[in-house]
Structures are given as structure tokens and as C-alpha cells.
Amino acid sequence: MGLKTVAETIKEVTRNHLTKNHGLLLGESITAVGWVNNTVPDCPGIVELPMTDVAGAGIAVGAALVGRRPIFVIRFQDFLILNGSPLIFYAAKTKELHDKSAPVFVRAIGADGLGPVHSGILHSIFMHFPGFRICSPMTPGEYEEIWENFLANDDPMIVSEHRASYGNTQELNDRIVDNADITLYAISSVRFELHKAAETLEAEGIKCNLVHLLWLKPFVVTERLTEPLLQSKKGVVIDPGYEIAGASQSLAYELNQATGCKVKALGLYDRSKCLCPPLQNKAPDAARIYETVKMLLNE
Amino acid sequence: MRSSTFGIIPGLSNTINQDISLEIFRRMCRVRYFEKGLIEAVKNGAITYPIYLSSGQESIAAAMSLVIPEFMIFAQHRCHATYLSFGGDTGRLKDELFGLPGGTSGGRAGSNCIQCHENNITMYGHHGLIGENVPLAVGAALGSGKPAVSFFGDGATEEDYVFAAMGFAVSQKLPVLFVCEDNNLSILTKVDVRRSWSMTNVAQALGMPAVDITDDPWTIYRKVQEFKKNLPAFMNIYTCRENWHMGTGTDGKPEWDRFSLVKDECNKRGLAKEICQIEKETQDQMKELWD
């Protein structure tokens with residue numbers, strides 16, 4: 001059992017940054033309604049922005065330009081659509097164009113089952129543009145790792161968080177088995193579904209390698225990622241975002257190119273998320289992962 | 001309302017120190033004759049990248065740079081005058097326009113993205129989304145506590161994030177001077193076709209001092225001196241660009257030619273000899289630069 005939850009880790013990292021590192025935290029409605037799922041400490045350095053999504057991101061980027069390494073909180077990833085322009089068009093470009101960096105740490109919080117405007121997972125959009133580091137930490141140790149990475153580099157970072165992780169105290173480790181039939185790669189919240197899916201599959205004699213993906217960009221294809229796939233010959237990349245032109249397809253392609261193995265992408269269906277079942281279009285769960293693997297193995 | 005005389009404070013050219021008047025003119029010349037060389041370089045095919053000329057609008061940055069040289073600068077896409085007036089190097093600007101490694105951004109950015117981080121100048125490059133530099137300036141002032149000036153055009157005032165950032169600057173009492181270089185054109189669409197309201201009224205409604213004036217450099221100089229002590233503040237300055245939105249073409253004579261008007265005013269003040277000398281020196285320097 002770990003000592004801290006992900007939420008407590010975020011809070012601690014933030015407190016240190018604001019009190020010891022001259023950092024800033026900016027966002028909308030930060031100090032109300034649970035202090036962003038209890039991830040924000042009550043300390044100096046917090047700037048409440050008005051409800052101005054585009055300008056708010058620009059203000060955060062401006063603070064990054066002058067060296068404050070701001071944490072910019074976006075309570076629901078859907079709002080990245082509005083906040084995206086200063087991040088994409090300025091923060092991500094300025095280092096390459098001008099050799100002047102704008103390291104802003106964007107806490108983009110994902111969720112599921114909250115209807116059409118609060119359930120989006122949008123990290124894929126940002127993967128398209130040069131200049132970002134993009135990750136999706138789901139454990140306390142991963143959060144500490146990506147924070148250190150942010151401090152050690154000067155790129156803007158999109159941190160695709162997920163509410164499903166905030167109570168988690170456990171590290172999520174890869175599990176590689178002999179003679180696996182399939183390798184499952186998972187991103188963000190669907191990582192919590194992997195073991196359940198594997199148990200169901202293994203009950204039918206289908207052995208699964210489980211590989212957890214923290215970094216979406218840069219996505220470095222290491223032996224840790226390729227070896228299990230070369231052994232199983234088939235794989236699936238699972239992401240809680242949209243499948244078409246999304247992280248799952250992009251990373252599946254990278255893995256396929258690196259190994260020659262068949263790798264399928266599994267993400268959201270190509271339709272809007274709605275509030276109520278059966279139209280929620282929720283992130284792939286254990287049952288959908290099971291079905292996808294069965295289909296792939298039968299091809 | 002928009003005119004070459006709107007809001008001019010009478011007699012200022014006589015009361016402001018002559019050295020200031022001459023330095024304003026010197027900076028205007030620097031921009032005008034740099035761009036004359038640039039226009040020739042475009043016409044003879046030496047430069048093929050897109051360019052955004054400041055000619056016609058020189059007086060604004062020329063006057064401001066003498067009052068607020070220490071401010072962080074967040075320029076708009078039409079930024080040659082800003083860069084050169086605040087002290088940027090003509091050779092580096094030329095290199096940038098040619099896409100050479102010696103340019104202000106190593107030749108990677110181009111005419112509408114000029115930056116400067118040397119010789120005590122802090123000027124951030126623009127990336128093409130009009131008005132984006134307004135929230136950036138506000139954030140930089142918030143993060144550093146240092147004063148900033150944000151230049152933008154009349155089209156940018158219509159971007160929603162410009163209002164929002166200006167409002168935030170008021171709420172947080174941030175030291176930002178917002179300057180609209182109002183040439184009445186978004187590409188070629190005039191202000192009164194696009195909107196029925198005044199950005200100066202909006203700025204005042206947000207709670208900051210604001211003024212509409214024409215691009216008389218002495219009036220700008222005096223108003224910036226006043227506003228500098230009471231930031232955030234907004235200035236809408238009527239001006240005329242000589243050339244197209246992009247490129248070297250023209251659509252006939254502009255509404256007024258501030259460069260000539262400033263020369264006339266200096267002549268009236270008995271500075272004819274000095275301004276002739278400044279103009280000649282600058283022409284020679286720029287000829288040498290572009291030859």
C-alpha cells in the first residue's frame with residue numbers, strides 16, 4: 001500500500017513549487033468547490049483567473065515567458081479547446097522559433113460519465129503539434145517523475161490527468177508473461193481496467209502482457225515496449241480518447257512500424273459523448289478490451 | 001473623429017525639449033529609410049518572404065520608445081518600427097528578413113515575429129494570432145512585476161481575449177500600457193464596417209484611463225508620460241499605413257503622412273538644418289546597409 005494518493009502528491013508538488021520555487025498556479029474557480037478535487041493547497045501563489053479561457057491561457061503563457069513556470073489548471077479537458085490557441089500557437093512554438101521557452105505545466109483534468117461537456121480526453125490534439133511534452137500520470141510515482149521532468153526541461157507540458165486516478169496510491173507496473181498471446185498497452189484511466197480485462201481473457205486461456213504508457217510525446221519506442229510485442233505478435237493500444245486520429249491510432253502505428261506486428265487501436269467510438277447510457281460513449285472498459293482482443297485473435 | 005489632428009495637444013512641439021523632437025525624428029527616419037531599402041529588396045526579388053511594413057506608422061513607437069525604454073515589449077505583427085525605435089539592430093532585422101542565421105530569431109521567424117533580447121531590450125516575438133500579445137503582456141507583468149507595453153491593431157481589439165486580458169489587468173492592477181495602432185484597416189476592411197463601438201470606451205468601462213489621439217508624436221510622448229504613472233491604461237492612436245497589409249503595394253496616398261507633418265513641424269520650430277542632417281545621415285546608413 002502506498003503512502004500517498006495521486007491527489008496528495010499533486011498537492012505536495014504544488015505546495016513546494018509555490019512556496020519554495022517562486023512558482024505560480026493559475027486557473028478558474030481554483031479555491032472553490034473542493035480546491036480542484038483536493039489537489040491544490042491553500043498557500044500563496046494562487047491566481048484566480050476570471051472565466052476567460054483563451055485569455056487565461058495567454059496570461060499563463062506570459063507568466064511562463066518571464067520564468068515563473070506556472071501551473072495552469074484546466075478543470076475539464078474539454079476546455080482545452082478554448083485554451084488551446086495560446087498554448088499551441090505561442091507556448092509550443094516560441095522555443096523553436098525564438099530560442100525563448102515558455103514552460104507552462106498544464107494540468108488538464110479528464111473525467112468520464114459526466115456528459116457531453118465534461119468528459120473529454122483531448123491529449124491527442126496536442127500530440128499533433130510540435131513543441132509539447134505530453135504525459136498521462138496515473139500514480140503518485142509517475143506524477144513525481146513527470147514533475148521532475150518538467151523542471152529539468154523548458155518545454156510546455158500537457159499533463160493529461162484523470163479524476164479516476166486521484167484516489168490511487170498504487171504504482172502500476174508492466175506485467176510480462178511467457179508465451180503471451182497479446183500485448184495490451186494502456187493510456188490514462190483505461191490502465192485501471194487492464195488487469196480486469198486480462199483476468200477475463202486468461203480465464204479463457206488467453207495470456208496477456210500488460211504495458212503501461214505514461215509518455216505520449218515524446219513517444220520513445222524502447223525495448224520495454226517492443227519486446228513483449230515481438231513475443232506476442234499482436235497488440236492493442238487502448239486510450240480513453242477518440243480512436244480516429246487519436247493517441248491509440250498514433251501509438252499503434254509507431255509500434256507497428258517498429259516491430260512489424262499487428263497492433264490495433266482502441267478508443268472512443270466516433271460519436272459525441274452523451275450524458276446517459278447507452279449513449280455515454282465511455283472509455284473502453286474491461287469488457288470492450290476483452291471483445292477487441294478476441295476479435296483480433298480470431299482474425 | 002479620426003483625423004491627422006484629433007486630440008493633439010497644441011504647442012507641445014515647442015515646449016518639449018528640442019533634443020527629444022530630433023530624436024523622435026531620427027527614430028522615424030530609421031524606420032522609414034530601412035523600409036525604403038527593404039521595399040527595393042522586395043521589388044528586385046532579393047527578398048521573397050512575406051513582409052509587413054510599418055511605414056506611415058513610425059511616430060508611435062518613435063515617441064513611446066523615448067518614454068518607456070525599460071518596458072517589456074509585446075509587439076504586433078507590424079513590428080519593424082517597434083523593433084527599430086526601441087533600439088533593435090538594423091543588420092539583425094535585415095538578416096531575419098532574408099532568413100539568415102544572424103537574424104533576430106536566426107532567420108526562422110520573419111517579418112511579423114521580430115524579437116529582441118539584447119542591449120537592455122526585452123521584446124517578445126508575435127506569432128500571428130492578432131491580439132495574442134495582449135494576454136501574454138498581462139501574464140508577463142503578473143509574473144515579473146515589471147511594466148509591459150502591448151502594441152496591437154484595431155482589428156485585434158475585436159478579439160474577445162483582448163477584452164478579457166485588459167479586464168484582468170485592471171482587476172490585478174498590473175503595469176501594462178495597451179496601445180492600439182489604429183490604422184482603420186483589418187486587411188482592407190474599415191473599422192466602421194466591422195463594429196459600432198469604441199475600444200477607448202470599452203477600456204474606460206473596464207476601469208482604466210484611456211484616450212483617443214492621432215499619431216502626433218509630441219502628444220503621444222506627453223500622454224505616455226502621464227499614463228506611465230497610472231497603469232494599466234489604454235491608448236487608441238489613429239495612424240495610417242502606407243502599404244498593403246502585407247507586401248510593398250499601395251492603394252494610393254494615405255489619409256495623412258505623419259512623416260512629412262513632423263518634418264514640417266520641426267521646420268516651423270527652426271530645426272530645418274538639424275532634421276535635414278538627420279535624414280541625410282540615416283539615408284546614407286541605410287544605403288550602406290542595403291547596398
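Proteins come first, then strands; the chains are lettered A, B, ... in the order of their sequence lines, and each starts at number 1.
Residues of residues 63-90 of chain B lying under 4.5 angstrom from chain A, judged on non-hydrogen atoms, are B:Met72, B:Phe74 by number. Scanning residues 90-113 of chain A against chain B with a 4.5 Å non-hydrogen threshold yields A:Tyr90, A:Lys93, A:Thr94, A:Glu96, A:Leu97, A:His98, A:Asp99, A:Lys100, sorted by number.
Checking each of A:Val54, A:Ile59, A:Leu82 against B:Tyr161 for a side chain to side chain contact (heavy atoms under 4.5 Å, CB included) leaves exactly one that passes, namely A:Val54.
Contact detail for B:Phe168 and A:Glu48: the closest heavy-atom pair is CE1-O, 3.9 Å. Closest of all the heavy-atom pairs between A:Ser85 and B:Leu129 is CB-CD1, 3.9 Å. Across all non-hydrogen atoms, the minimal contact from B:Gln172 to A:Val47 is NE2-CG1, 4.4 Å. Closest non-hydrogen pair, B:Ala165 versus A:Ala55, comes out as N-CB, 3.9 Å.
In this structure, B:Trp290 places its CH2 atom where more than 12 heavy-atom neighbours from other residues, nucleotides or ligands lie under 6.0 Å away. Heavy atoms from other residues, nucleotides or ligands lying under 6.0 Å from NE2 of A:His22 number 12 at most.
How far OG1 of B:Thr122 is from CG of A:Leu65: 11.0 Å, rounded to the nearest 0.5 Å.
Most heavy-atom pairs under 4.5 Å with chain A, from the set B:Gly125, B:Ser144, B:Ala148, B:Gly131: that is B:Gly125. Ranked by non-hydrogen atom pairs under 4.5 Å with chain A, the options B:Ala164, B:Ser171, B:Ala140 are led by B:Ala140.
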